Amino acid sequence: MRQRIHFVVDPQGWCCMGLIIFVWLYNTVFIPKVILFPHYEEGNISIVAVLCYYFCSLFCIASLFRASVADPGKLPENPKIPITEREHWELCNKCNMMRPKRSHHCSRCGHCVRRMDHHCPWINNCVGEDNHWLFLQLCFYTQILSSYTLILDFCHYYYFLPLKKENW
């Protein structure tokens with residue numbers, strides 16, 4: 001199933017996305033320069049640890065972009081409601097459109113979303129029926145990258161041998 005691209009014009013959401021991208025870029029440059037590359041050069045870690053870090057980082061940013069531009073399940077302007085399912089639909093008080101019973105209206109996006117969970121400012125998008133699995137994927141990859149970074153920080157200070165050359 002092909003996902004439709006969906007953009008939300010929300011200044012708070014763009015600020016949150018910008019902050020996430022800044023932190024991701026900082027960690028993608030800073031952690032390898034301070035921890036991974038010096039310890040790789042001195043033989044404390046293998047190239048696999050460096051590549052795993054970059055793969056986790058790549059998966060994290062790719063899932064962020066996929067979750068932020070995927071259509072969450074926005075209802076069309078004139079939905080075709082089968083006669084047998086009319087009792088499972090209701091009228092939205094805010095946009096005056098017919099919607100399924102488990103749908104909700106997002107005040108940030110200005111439309112109804114099927115099975116809406118919440119509007120997430122960090123991805124600047126609603127989390128709904130069509131992009132819920134992308135949001136969970138983002139949470140998973142973010143947890144993996146954060147855990148891997150914390151393990152590397154711990155190993156840098158308590159496990160690895162001190163660096164022989166001075167590292168600025």
Side-chain angles (χ1 to χ4, degrees), residues 1-74 103-168:
M1 183 168 112
R2 184 175 158 88
Q3 294 286 326
R4 292 180 293 175
I5 294 179
H6 176 77
F7 287 106
V8 177
V9 180
D10 180 21
Q12 179 190 10
W14 287 110
C15 289
C16 290
M17 287 268 309
L19 180 64
I20 287 176
I21 291 171
F22 172 75
V23 168
W24 175 81
L25 279 172
Y26 179 77
N27 283 334
T28 302
V29 172
F30 182 72
I31 296 296
K33 185 175 182 177
V34 171
I35 297 175
L36 290 175
F37 291 139
H39 285 288
Y40 170 71
E41 290 172 359
E42 292 188 6
N44 295 333
I45 60 173
S46 69
I47 192 69
V48 174
V50 177
L51 291 176
C52 283
Y53 186 82
Y54 277 113
F55 277 125
C56 288
S57 182
L58 179 70
F59 290 153
C60 191
I61 199 71
S63 63
L64 171 68
F65 282 122
R66 288 182 66 201
S68 65
V69 299
D71 181 24
K74 178 181 174 183
S103 300
H104 295 284
H105 185 86
C106 179
S107 57
R108 288 271 171 104
C109 298
H111 53 77
C112 290
V113 177
R114 289 186 319 271
R115 295 182 63 197
M116 180 178 161
D117 189 278
H118 68 285
H119 180 89
C120 181
W122 299 106
I123 64 171
N124 193 28
N125 201 355
C126 291
V127 178
E129 183 178 62
D130 292 347
N131 71 344
H132 193 261
W133 65 277
L134 291 170
F135 180 74
L136 293 176
Q137 188 180 38
L138 169 65
C139 293
F140 174 74
Y141 287 134
T142 303
Q143 182 66 38
I144 295 293
L145 183 63
S146 299
S147 300
Y148 193 39
T149 303
L150 285 173
I151 289 169
L152 285 173
D153 287 343
F154 178 80
C155 290
H156 175 70
Y157 288 110
Y158 298 109
Y159 181 70
F160 293 148
L161 297 172
L163 294 171
K164 295 177 183 154
K165 69 177 191 176
E166 192 169 322
N167 185 12
W168 292 99

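What you see is a predicted model; the values in this text were computed from it and never measured.
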Using the rule given for side chain to side chain contact (heavy atoms under 4.5 Å, CB included), can you reason through Cys16 versus Asn124, listing the C-alpha separation, both sets of side-chain angles and the distance that settles it, and then say yes or no? CA-CA 8 Å; Cys16 290; Asn124 193 28; over 6 Å; no
For the pair Arg66 and Gln137, evaluate side chain to side chain contact (heavy atoms under 4.5 Å, CB included) and give the outcome as yes or no after the intermediate values. CA-CA 10 Å; Arg66 288 182 66 201; Gln137 188 180 38; 3.5 Å; yes
Which is it for Met17 and Ser68 under the side chain to side chain contact (heavy atoms under 4.5 Å, CB included) test, yes or no, and what are the steps along the way? CA-CA 9 Å; Met17 287 268 309; Ser68 65; 3.9 Å; yes
For side chain to side chain contact (heavy atoms under 4.5 Å, CB included), just list the numbers for Trp24 and Leu64, CA-CA rounded to whole Å, side-chain angles, deciding distance to a tenth of an Å, and then say yes or no. CA-CA 11 Å; Trp24 175 81; Leu64 171 68; over 6 Å; no
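Here the shortest heavy-atom pairing between Asn131 and Val127 reads OD1-CA, 3.5 Å. Smallest separation of non-hydrogen atoms from Cys56 and Leu145: CB-CD1, 3.9 Å. Taking each heavy atom of Ala49 and Leu36 in turn, the nearest pair found is O-CD2, 4.5 Å.
Without hydrogens or angle criteria, Asp71 side chain to Lys74 main chain gives a donor-acceptor distance under 3.5 Å. Checked by atom type and distance alone, the side chain of Ser147 never pairs as donor or acceptor with a backbone atom of Ile144 at under 3.5 Å. Ser57 places no side-chain N or O within donor-acceptor distance of the main-chain N or O of Tyr53, the cut-off being under 3.5 Å.
Legend: residues meeting ring pair (Phe, Tyr, Trp, His ring centres under 6.0 Å) with Phe65, ordered by chain and number and at least two apart, are absent.
By the 6.0 Å contact criterion, OH on Tyr54 is enclosed, its count of non-hydrogen atoms from other residues, nucleotides or ligands being greater than 12. The neighbour count for Tyr40 OH, taken as heavy atoms of other residues, nucleotides or ligands under 6.0 Å away, does not exceed 12.
When side chains are defined from C-beta on, Asn27 counts as touching Val23, because their heavy atoms get closer than 4.5 Å.
For the side-chain contact (heavy atoms from CB on, under 4.5 Å) with Asn125, the lone residue among Cys106, Pro72, Cys120 that qualifies is Pro72. For the side-chain contact (heavy atoms from CB on, under 4.5 Å) with Cys126, the qualifying choice from Arg108, Met116, His104 is Met116, the only one to do so.
Note: Ile45 CD1 to Phe37 CZ = 9.0 Å, rounded to the nearest 0.5 Å. To the nearest 0.5 Å, the span separating OG on Ser146 from OH on Tyr141 amounts to 14.5 Å. The CG atom of Leu136 sits 8.5 Å away from the CG atom of Asp117 when rounded to the nearest 0.5 Å. The distance from atom CG of Leu58 to atom SG of Cys60, rounded to the nearest 0.5 Å, is 10.0 Å. Summarising the geometry, atom CZ belonging to Arg115 is positioned 5.5 Å from atom CD belonging to Glu129; distances are rounded to the nearest 0.5 Å.
Using a 30° and 60° split on the angle between ring planes, Tyr26 and Phe22 fall in the parallel class, below 30°. The aromatic rings of Phe135 and His118 sit perpendicular, their planes meeting at an angle over 60°, well past the 30° parallel limit.
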